Each structure stands twice: as structure tokens, then as C-alpha cells.
Amino acid sequence: MCLVRMKQEGRSGKYMCRIIVHFMWEDVEQRGRVMGVNSYILKKNMILMTNNFYAAILGYDEGILSDDHGLAAALWRTFFNQKCEDPRQLELLVEYVRKQMQYLDSMNGEDLLLTGEVSWRPLVEKNPQSVLKPHSPTYNDEGL
């Protein structure tokens, strides 16, 4: 969801997407080393995880940009690993993604790029029709 939102911010947003993904993979690799995973196995698994990640991102992007059926299909395939016994769970997650995307879209893009702070709506709300307004971030400019 953050990557979809960041892509709306032009070149800076696309650059931020690349940075986020780069550091995510760097973190995965470091954690593998700390856990003592054999470097050959780690590299082999990193290739597999990378392919799965980009396939999931493509599916989520397509689902977010399409109707609820498309989003439900992407969530069912990837998030639920095609094993969702209760369709209400899938419906709840589709509703959540739509609400969170609406919330992210209401955030100021410049603030998002400068702070990197994202707040998340609760999964279940008392008034699901409510639209929460994002708070303005406080910048820490000390030492600049």
C-alpha cells in the first residue's frame, strides 16, 4: 500500500519505492546471516523470495487499482495463500485495504516523503464509514 501511494509522488516517490525495497532486501539478507543460514542456501532462497515478492506486488497493485473482486483475488492468492475458509475474513481485509488506501491518499505527499511516517487505521472500527484525518507530522530539524 505504501509503494502504491509513493508512486503517486512522481520521480521522488518512485525513488523512495526503490530505496524502501532495497533496504527491505538488505534487512532480509542480514537477518539470514545473523541466523546462521548457509550463504548458498540464503542466496538461492533470496532469488525465490524476490520472485514471490514482485509477483505479489504486481497482484496487489492490480487489485488495488481494480474493483473489489480483483483485490479479493490478489489477497486470496497471496495473503491467504489460497486457503481462506471464511469469506468474511477476505471481505474484511478488502474493506481494510480500501480504507487504508483512502487514508494514505489523504496524506500530504511531501510530508510522507520527508518523514517516512505512516500511520495505520485499525482493522476493525466502531464506525467503519469514518474517515480519519491524518495528523501533520512534527519535523525534527535540530542539527541541520
Side-chain angles (χ1 to χ4, degrees), residues 1-35 37 39 42-144:
M1 289 185 279
C2 290
L3 296 177
V4 168
R5 175 62 180 90
M6 294 277 54
K7 289 176 188 173
Q8 296 173 28
E9 296 304 316
R11 285 183 69 193
S12 298
K14 289 177 183 174
Y15 176 75
M16 184 63 73
C17 288
R18 286 194 302 273
I19 294 298
I20 290 168
V21 171
H22 169 78
F23 283 112
M24 178 196 72
W25 288 120
E26 194 172 276
D27 182 63
V28 169
E29 196 169 349
Q30 286 176 352
R31 288 172 188 260
R33 281 194 217 112
V34 167
M35 292 171 38
V37 177
S39 61
L42 181 61
K43 185 174 182 171
K44 189 176 173 182
N45 285 330
M46 289 285 290
I47 292 168
L48 182 63
M49 287 187 287
T50 300
N51 291 337
N52 288 337
F53 172 76
Y54 284 111
I57 291 299
L58 182 63
Y60 288 146
D61 284 354
E62 184 179 31
I64 287 170
L65 295 173
S66 70
D67 61 11
D68 287 350
H69 297 284
L71 179 56
L75 292 168
W76 177 75
R77 276 191 312 271
T78 307
F79 189 84
F80 287 101
N81 198 27
Q82 301 179 4
K83 295 179 177 110
C84 182
E85 304 285 325
D86 185 356
R88 292 174 297 182
Q89 291 178 336
L90 185 55
E91 181 182 24
L92 178 66
L93 196 54
V94 167
E95 180 183 312
Y96 176 77
V97 169
R98 293 287 184 218
K99 286 189 307 186
Q100 184 62 37
M101 285 306 304
Q102 179 184 21
Y103 182 65
L104 290 173
D105 285 343
S106 71
M107 295 176 130
N108 180 291
E110 191 172 314
D111 290 340
L112 210 51
L113 286 168
L114 288 173
T115 66
E117 291 180 15
V118 174
S119 52
W120 300 93
R121 294 184 68 161
L123 179 60
V124 178
E125 298 178 80
K126 291 179 183 171
N127 179 7
Q129 300 302 317
S130 70
V131 176
L132 301 175
K133 297 290 181 197
H135 70 282
S136 296
T138 305
Y139 296 104
N140 181 359
D141 293 337
E142 286 183 30
L144 294 180

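Everything numeric here is computed off the predicted structure, so don't read it as measured data.
Residues C2 and L104 approach most closely at N-CD1, 4.3 Å, considering heavy atoms. Across all non-hydrogen atoms, the minimal contact from L123 to K99 is O-NZ, 3.9 Å. Here the shortest heavy-atom pairing between L113 and E9 reads CD1-CB, 3.9 Å. Closest approach of V4 to M101, counting heavy atoms only: CG1-CE, 3.6 Å. Minimum heavy-atom separation, M6 to C17: CB-SG, 3.5 Å. Considering all non-hydrogen atoms of both residues, Q100 and S119 come closest at NE2-O, 3.2 Å.
Other residues, nucleotides and ligands contribute over 12 non-hydrogen atoms within 6.0 Å of the CZ atom of F53. Open room surrounds CD on E85; 12 or fewer heavy atoms of other groups in view lie less than 6.0 Å from it. Within a 6.0 Å sphere centred on CZ of R31, heavy atoms belonging to other residues, nucleotides or ligands number 12 at most. Around the CD atom of E62, the shell of radius 6.0 Å holds no more than 12 heavy atoms that belong to other residues, nucleotides or ligands.
Between the R5 side chain and the M107 main chain, a donor and an acceptor come within less than 3.5 Å of each other. The backbone N or O of L75 lies less than 3.5 Å from no partner atom in the side chain of T78, so there is not a single donor-acceptor pair.
Checking each of V28, I47, V37 against L42 for a side chain to side chain contact (heavy atoms under 4.5 Å, CB included) leaves exactly one that passes, namely V37.
For the atom pair CE of M24 and CE of M49, the computed distance is 9.0 Å after rounding to the nearest 0.5 Å.
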